[in-house]
Asker: 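Sharing a structure, written as structure tokens. Questions coming.
Any value given below was found using the heavy atoms of this structure, including those in side chains, with hydrogens, waters and symmetry copies removed. Remember, it's 1-based here, ligands and their atoms both numbered in the order they're listed.
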Amino acid sequence: MLNLKLVAALAGAAGLVLGVAGTAAAADGAELFKTKLCNTCHGDAGKAPIMPVYPKLAGQNAAYAAQQVKDIRDGKRTNGLSAAMKPMAAAVTDDEAQAISDYLSKQ
Ligand code: HEC
């Protein structure tokens with residue numbers, strides 16, 4: 001248990017270092033997907049949305065997904081249930097949207 005916590009802490013620290021260096025690494029996106037609470041609606045790795053009408057994100061085209069996150073955040077995409085996600089997307093920068101989307105495209 002202690003070891004698992006240590007591993008998680010080290011992974012988090014590594015993600016932080018990469019983030020500061022400005023590298024959109026895959027581990028970074030995985031971490032952001034959780035810290036930005038995306039997983040609370042879209043499920044682990046974007047594979048198991050909590051509602052049947054919420055989209056699965058795993059395997060989605062990275063450029064497309066990043067654009068959707070930014071469009072929902074900026075109020076350019078308002079279709080369907082986009083309003084449900086808008087408050088969460090507000091805390092996501094362009095670089096973070098790209099890092100998360102790169103990660104999701106590989107799931
Ligand atoms: C409160 C629930 C909720 C949270 C939290 C949430 N989303 Fe969403 N997301 C949605 C819903 C609902 C849609 C579908 C909107 C629609 O009906 O058009 C969506 C759509 C998307 C899409 C577009 C999918 C497509 O195929 O067009 C992407 C990409 C996405 N979300 C990524 C994210 C990311 C990244 C985060 C974290 C920053 C996040 N979401 C947080 C509910 C949420």
Side-chain angles (χ1 to χ4, degrees):
M1 201 57 188
L2 189 65
N3 282 342
L4 276 179
K5 278 185 187 164
L6 187 63
V7 169
L10 288 173
L16 199 64
V17 170
L18 287 172
V20 168
T23 311
D28 212 14
E31 193 67 21
L32 285 167
F33 192 68
K34 291 183 208 158
T35 57
K36 301 287 180 179
L37 305 179
C38 315
N39 61 332
T40 60
C41 284
H42 293 288
D44 281 350
K47 289 180 180 170
I50 58 164
M51 302 277 280
V53 291
Y54 287 9
K56 289 178 187 164
L57 304 177
Q60 185 55 276
N61 176 286
Y64 168 81
Q67 193 60 54
Q68 301 318 302
V69 174
K70 290 186 272 183
D71 284 354
I72 290 172
R73 177 194 67 193
D74 299 342
K76 291 179 190 162
R77 172 170 165 177
T78 56
N79 60 300
L81 298 168
S82 299
M85 178 175 143
K86 194 166 188 274
M88 300 303 187
V92 179
T93 67
D94 287 8
D95 285 350
E96 288 170 343
Q98 192 61 57
I100 294 171
S101 298
D102 286 345
Y103 155 72
L104 288 171
S105 71
K106 293 171 195 146
Q107 297 312 298

Asker: Heavy-atom distances under 4.0 Å decide this one: backbone, side chain, both or neither, for V69 against ligand 1?
Answerer: side chain

Asker: Using a strict 4.0 Å cut-off to heavy atoms of M88, name the atoms of ligand 1 that fall inside it.
Answerer: 5 (C)

Asker: Where does P55 meet ligand 1, judged by heavy-atom distances below 4.0 Å: at the side chain, the backbone, both, or neither?
Answerer: side chain

Asker: Give the residue, atom name and distance (to 0.1 Å) of the protein heavy atom nearest atom 24 (C) of ligand 1.
Answerer: L57 CD2, 3.7 Å

Asker: Could you check which of A84, A65, C38 puts a non-hydrogen atom nearest to atom 38 (C) of ligand 1?
Answerer: C38

Asker: Once you round to the nearest 0.5 Å, how far does CZ of R77 lie from CG of D71?
Answerer: 8.0 Å

Asker: Would you mind telling me if ligand 1 is within reach of the side chain of Y64, the backbone, both or neither, using heavy atoms under 4.0 Å?
Answerer: side chain

Asker: Flag yes if I50 and L81 sit in one hydrophobic cluster, no otherwise; membership is Ile, Leu, Val, Met, Phe, Trp, Tyr, and two members link when side-chain heavy atoms are under 4.5 Å apart.
Answerer: yes

Asker: For R77, is the nearest heavy atom under 4.0 Å from an atom of ligand 1?
Answerer: yes

Asker: Which ligand 1 atoms are under 4.0 Å away from a heavy-atom of V92?
Answerer: 38 (C)

Asker: Just let me know how N79 lines up against ligand 1, side chain, backbone, both or neither, with a heavy-atom cut-off below 4.0 Å.
Answerer: both

Asker: Within a radius of less than 6.0 Å around CG of D44, do more than 12 heavy atoms belonging to other residues, nucleotides or ligands occur?
Answerer: no

Asker: Roughly how far, to the nearest 0.5 Å, is the OG1 atom of T40 from the CE atom of M88?
Answerer: 5.0 Å

Asker: Just jot down the ligand 1 atoms closer than 4.0 angstrom to any heavy atom of Q60, in number order.
Answerer: 26 (O)

Asker: Could you tell me whether L37 approaches ligand 1 through its side chain, its backbone, both or neither, with non-hydrogen atoms closer than 4.0 Å?
Answerer: backbone

Asker: For atom 15 (C) of ligand 1, which candidate among S101, G46, A90, S82 provides the closest heavy atom?
Answerer: S82

Asker: Run the salt-bridge test on D94 and R73 with the 4.0 Å N-O cut-off and return the result as yes or no.
Answerer: yes

Asker: Any N/O of L81 closer than 3.5 Å to an N/O of ligand 1?
Answerer: yes

Asker: Applying side-chain contact (heavy atoms from CB on, under 4.5 Å) between H42 and each of K56, M85, M51, K47, report the one that passes.
Answerer: M85

Asker: For the atoms SD of M85 and NE2 of H42, give the angle they form at atom 8 (Fe) of ligand 1, rounded to 10 degrees.
Answerer: 180°

Asker: Answer yes if I100 and L57 sit in the same cluster of Ile, Leu, Val, Met, Phe, Trp and Tyr residues linked by side chain heavy atoms under 4.5 Å apart, and no otherwise.
Answerer: yes

Asker: Please round to the nearest 0.5 Å and tell me the distance separating atom CD of Q107 and atom CZ of F33.
Answerer: 8.5 Å

Asker: Quick one: do L32 and V92 end up in the same hydrophobic cluster if we chain Ile, Leu, Val, Met, Phe, Trp and Tyr together by side-chain heavy atoms under 4.5 Å apart?
Answerer: no

Asker: Counting from 1, what ligand 1 atoms have a heavy atom of I100 closer than 4.0 Å?
Answerer: 35 (C)

Asker: Within the distance-only criterion (no hydrogens, no angle test), does the side chain of S105 pair as donor or acceptor with the backbone N or O of A62 below 3.5 angstrom?
Answerer: no

Asker: Looking only at protein heavy atoms, which one is nearest to atom 2 (C) of ligand 1, and what is the separation?
Answerer: C41 SG, 1.9 Å

